[in-house]
Amino acid sequence: MESTAQPVKIGPVVLHKVLNHGELRRRVAEWRRAGECIVLANGCFDLLHVGHVRYLQAAKQLGGRLVVGVNADASVERLKGPGRPVVPAEERAELLAALECVDAVVIFPEPDVRALITELRPDIHAKGTDYTVESVPEREVVLAYGGRVAIVGDAKNHSVSSMLEQMKKPD
(Lines give C-alpha, C1' and ligand atoms only; values in the text may rest on other atoms or scores of the structure.)
Protein backbone atom coordinates (compact mmCIF):
# COMPACT_ATOMS: atom_id res chain seq x y z
CA MET A 1 0.00 0.00 0.00
CA GLU A 2 1.55 3.30 -1.09
CA SER A 3 1.67 5.95 1.63
CA THR A 4 0.41 9.44 0.90
CA ALA A 5 2.87 10.97 3.38
CA GLN A 6 5.04 13.64 1.80
CA PRO A 7 8.45 14.87 2.98
CA VAL A 8 8.03 17.04 6.05
CA LYS A 9 8.99 20.68 5.55
CA ILE A 10 10.93 22.40 8.29
CA GLY A 11 11.06 26.07 7.46
CA PRO A 12 12.41 26.39 3.93
CA VAL A 13 14.27 23.06 4.13
CA VAL A 14 12.76 19.68 3.25
CA LEU A 15 13.74 17.01 5.75
CA HIS A 16 15.02 14.25 3.44
CA LYS A 17 14.83 11.49 6.02
CA VAL A 18 11.01 11.30 6.12
CA LEU A 19 10.07 9.33 3.03
CA ASN A 20 7.02 7.79 1.41
CA HIS A 21 7.16 4.08 0.57
CA GLY A 22 8.39 4.55 -3.02
CA GLU A 23 11.16 6.92 -1.96
CA LEU A 24 12.19 4.57 0.82
CA ARG A 25 12.37 1.56 -1.53
CA ARG A 26 14.69 3.56 -3.83
CA ARG A 27 16.86 4.72 -0.91
CA VAL A 28 17.13 1.18 0.51
CA ALA A 29 18.09 -0.12 -2.96
CA GLU A 30 20.87 2.52 -3.14
CA TRP A 31 22.17 1.54 0.29
CA ARG A 32 22.12 -2.14 -0.63
CA ARG A 33 24.07 -1.46 -3.85
CA ALA A 34 26.66 0.25 -1.62
CA GLY A 35 26.85 -2.94 0.47
CA GLU A 36 25.15 -1.53 3.56
CA CYS A 37 23.14 -3.51 6.08
CA ILE A 38 19.51 -2.41 6.54
CA VAL A 39 18.09 -2.40 10.08
CA LEU A 40 14.38 -1.79 10.64
CA ALA A 41 12.90 -0.60 13.93
CA ASN A 42 9.26 0.33 14.39
CA GLY A 43 6.70 1.65 16.81
CA CYS A 44 4.13 4.28 17.63
CA PHE A 45 6.65 6.70 19.18
CA ASP A 46 3.87 8.85 20.65
CA LEU A 47 5.53 11.34 23.03
CA LEU A 48 9.15 10.51 22.36
CA HIS A 49 10.97 9.49 25.55
CA VAL A 50 14.39 8.20 26.63
CA GLY A 51 13.35 4.57 26.20
CA HIS A 52 12.62 5.25 22.53
CA VAL A 53 15.98 6.97 22.05
CA ARG A 54 17.88 4.12 23.72
CA TYR A 55 16.02 1.55 21.57
CA LEU A 56 16.87 3.40 18.35
CA GLN A 57 20.49 4.01 19.32
CA ALA A 58 20.91 0.32 20.12
CA ALA A 59 19.27 -0.63 16.80
CA LYS A 60 21.72 1.63 14.97
CA GLN A 61 24.63 -0.08 16.74
CA LEU A 62 23.67 -3.30 14.96
CA GLY A 63 25.34 -1.71 11.92
CA GLY A 64 24.34 -0.14 8.65
CA ARG A 65 21.36 2.08 7.95
CA LEU A 66 18.52 2.47 10.44
CA VAL A 67 15.03 2.75 8.97
CA VAL A 68 12.22 3.54 11.41
CA GLY A 69 8.62 2.61 10.67
CA VAL A 70 6.08 4.80 12.46
CA ASN A 71 2.48 3.68 12.96
CA ALA A 72 -0.04 6.01 11.30
CA ASP A 73 -2.54 7.83 13.52
CA ALA A 74 -5.46 5.43 12.90
CA SER A 75 -3.20 2.48 13.64
CA VAL A 76 -2.04 4.02 16.94
CA GLU A 77 -5.65 4.66 17.97
CA ARG A 78 -6.55 1.01 17.22
CA LEU A 79 -3.54 -0.20 19.22
CA LYS A 80 -3.56 2.26 22.13
CA GLY A 81 -7.19 3.42 22.39
CA PRO A 82 -9.16 6.66 22.15
CA GLY A 83 -7.21 9.86 22.60
CA ARG A 84 -4.08 8.40 21.07
CA PRO A 85 -1.88 9.37 19.48
CA VAL A 86 -1.18 12.60 21.31
CA VAL A 87 1.22 13.71 18.55
CA PRO A 88 0.26 13.36 14.84
CA ALA A 89 2.24 10.89 12.71
CA GLU A 90 3.96 13.55 10.59
CA GLU A 91 5.30 15.26 13.72
CA ARG A 92 6.37 11.96 15.28
CA ALA A 93 8.21 11.15 12.05
CA GLU A 94 9.92 14.56 12.07
CA LEU A 95 11.08 14.11 15.67
CA LEU A 96 12.53 10.68 14.89
CA ALA A 97 14.22 11.95 11.73
CA ALA A 98 15.97 14.60 13.83
CA LEU A 99 17.82 11.87 15.74
CA GLU A 100 21.36 11.35 14.46
CA CYS A 101 21.07 7.56 14.66
CA VAL A 102 18.06 7.46 12.29
CA ASP A 103 18.72 7.30 8.52
CA ALA A 104 15.13 7.19 7.23
CA VAL A 105 11.57 7.29 8.56
CA VAL A 106 8.37 6.03 6.95
CA ILE A 107 4.78 6.12 8.19
CA PHE A 108 2.84 2.87 7.73
CA PRO A 109 -0.94 2.38 8.10
CA GLU A 110 -1.09 -1.27 9.16
CA PRO A 111 -1.39 -2.29 12.85
CA ASP A 112 1.91 -4.17 12.61
CA VAL A 113 5.02 -3.92 10.47
CA ARG A 114 4.72 -7.18 8.48
CA ALA A 115 3.85 -5.46 5.18
CA LEU A 116 6.79 -3.05 5.54
CA ILE A 117 9.13 -5.94 6.34
CA THR A 118 7.92 -7.79 3.23
CA GLU A 119 8.42 -4.63 1.17
CA LEU A 120 11.93 -3.76 2.44
CA ARG A 121 13.33 -7.15 3.53
CA PRO A 122 15.63 -5.63 6.16
CA ASP A 123 18.73 -7.60 7.10
CA ILE A 124 17.83 -7.10 10.76
CA HIS A 125 14.48 -6.37 12.37
CA ALA A 126 15.15 -4.72 15.74
CA LYS A 127 12.55 -4.89 18.49
CA GLY A 128 12.60 -3.55 22.05
CA THR A 129 13.12 -5.47 25.26
CA ASP A 130 9.40 -5.91 25.83
CA TYR A 131 9.82 -8.81 23.35
CA THR A 132 11.97 -11.90 23.15
CA VAL A 133 13.29 -13.19 19.82
CA GLU A 134 10.61 -15.90 20.00
CA SER A 135 7.72 -13.52 20.80
CA VAL A 136 8.28 -10.93 18.03
CA PRO A 137 5.00 -11.00 16.04
CA GLU A 138 6.79 -10.49 12.70
CA ARG A 139 9.48 -13.09 13.39
CA GLU A 140 8.30 -15.68 10.85
CA VAL A 141 8.13 -13.07 8.06
CA VAL A 142 11.72 -12.01 8.76
CA LEU A 143 13.07 -15.55 9.02
CA ALA A 144 11.27 -16.63 5.81
CA TYR A 145 13.60 -14.52 3.62
CA GLY A 146 16.74 -15.09 5.70
CA GLY A 147 16.70 -11.96 7.84
CA ARG A 148 17.27 -11.96 11.57
CA VAL A 149 15.49 -10.54 14.59
CA ALA A 150 17.42 -8.70 17.31
CA ILE A 151 16.21 -7.49 20.70
CA VAL A 152 17.79 -4.16 21.61
CA GLY A 153 17.55 -1.28 24.07
CA ASP A 154 17.33 -1.10 27.81
CA ALA A 155 14.69 -2.61 30.08
CA LYS A 156 11.20 -1.37 29.34
CA ASN A 157 10.97 1.09 32.23
CA HIS A 158 9.42 3.91 30.19
CA SER A 159 6.09 4.11 28.38
CA VAL A 160 3.88 6.81 26.97
CA SER A 161 0.87 5.29 28.74
CA SER A 162 2.57 5.63 32.14
CA MET A 163 3.69 9.16 31.28
CA LEU A 164 0.11 10.13 30.44
CA GLU A 165 -1.19 8.56 33.67
CA GLN A 166 1.43 10.47 35.66
CA MET A 167 0.33 13.72 34.01
CA LYS A 168 -3.28 13.11 35.08
CA LYS A 169 -2.36 12.80 38.78
CA PRO A 170 -3.03 15.89 40.87
CA ASP A 171 0.02 17.57 42.37
Side-chain angles (χ1 to χ4, degrees), residues 1-11 14-21 23-24 39-62 65-117 119-120 122 124-132 135-139 141-142 149-171:
M1 176 175 204
E2 194 72 20
S3 172
T4 58
Q6 296 299 311
V8 177
K9 292 187 178 183
I10 301 176
V14 174
L15 184 61
H16 293 286
K17 287 176 156 182
V18 180
L19 307 171
N20 65 37
H21 286 254
E23 293 165 335
L24 181 58
V39 179
L40 175 67
N42 71 284
C44 297
F45 301 103
D46 195 14
L47 295 181
L48 191 64
H49 58 68
V50 70
H52 292 137
V53 173
R54 291 173 182 166
Y55 161 56
L56 295 173
Q57 288 174 332
K60 178 67 174 184
Q61 289 174 357
L62 294 170
R65 298 294 186 146
L66 177 58
V67 176
V68 180
V70 177
N71 290 76
D73 293 346
S75 172
V76 174
E77 184 176 21
R78 281 191 307 271
L79 292 167
K80 303 292 184 177
R84 300 284 299 277
V86 175
V87 178
E90 291 76 16
E91 292 179 18
R92 290 183 279 127
E94 182 178 333
L95 286 166
L96 292 165
L99 297 174
E100 185 178 337
C101 62
V102 174
D103 295 295
V105 180
V106 66
I107 298 168
F108 66 95
E110 298 84 10
D112 68 45
V113 75
R114 286 179 179 98
L116 187 59
I117 289 170
E119 182 179 359
L120 299 179
I124 304 169
H125 178 45
K127 293 295 268 190
T129 58
D130 45 337
Y131 293 94
T132 65
S135 71
V136 170
E138 308 87 10
R139 179 177 185 265
V141 175
V142 175
V149 173
I151 305 301
V152 297
D154 61 356
K156 178 114 174 147
N157 296 325
H158 307 89
S159 78
V160 173
S161 297
S162 63
M163 289 170 63
L164 292 172
E165 285 302 315
Q166 190 65 31
M167 287 182 208
K168 289 179 186 176
K169 290 182 182 177
D171 291 336

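Contacts of Ala89 classified as side-chain contact (heavy atoms from CB on, under 4.5 Å), with partners at least two apart in sequence or in another chain: Asp73, Arg92, Ile107. Taking Arg114 as the reference, Asp112, Pro137, Glu138, Val141 meet the side-chain contact (heavy atoms from CB on, under 4.5 Å) condition, with sequence neighbours excluded. Every residue two or more places apart in sequence or in another chain that forms a side-chain contact (heavy atoms from CB on, under 4.5 Å) with Val152 is listed here: Tyr55, Ala58, Ala59, Leu62, Ala126, Ala150. Arg65 meets the salt bridge (charged side-chain N to carboxylate O under 4.0 Å, His left out) test with Glu36, Asp103; sequence neighbours excluded.
When all heavy atoms of Ala104 and Leu19 are compared, the pair lying nearest together is CB-CD1, 4.0 Å. In terms of heavy-atom proximity, Pro109 sits nearest to Ser75 at O-CB, 3.5 Å. Residues Val105 and Ala93 share a closest heavy-atom pair of CG1-CB, 3.7 Å.
At least one side-chain heavy atom of His125 sits under 4.5 Å from a side-chain heavy atom of Val113. Residues Val149 and Tyr131 form no side-chain contact, since every pair of their non-hydrogen atoms from C-beta on lies 4.5 Å or further apart. The side-chain heavy atoms of Pro122 and Val67, taken from C-beta on, include no pair separated by under 4.5 Å. Using a 4.5 Å heavy-atom cutoff, the side chains of Lys60 and Val39 are not in contact. Side-chain contact between Thr129 and Ile151 is present, with at least one heavy-atom pair separated by less than 4.5 Å. Side-chain contact between Leu116 and Asn42 is absent, with no heavy atoms from C-beta onward closer than 4.5 Å.
Annotation: the span from Glu94 atom CD to Leu48 atom CG amounts to 12.0 Å, rounded to 0.5 Å. Of the inter-residue distances, the one linking Leu120 atom CG with Leu24 atom CG reads 5.0 Å to the nearest 0.5 angstrom.
The main-chain N or O of Leu99 is found under 3.5 Å from a side-chain atom of Lys17 such that the two form a donor-acceptor pair. Not one N or O on the side chain of Asn71 forms a donor-acceptor pair closer than 3.5 Å with the backbone of Val76.
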Derivation of the salt bridge (Lys or Arg N to Asp or Glu O under 4.0 Å) call for Asp46 and Arg84: CA-CA 8 Å; Asp46 195 14; Arg84 300 284 299 277; 2.9 Å; yes
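Checked options Leu56, Val53, Leu66; the residue passing with Leu96 is Leu56 (criterion: side-chain contact (heavy atoms from CB on, under 4.5 Å)).
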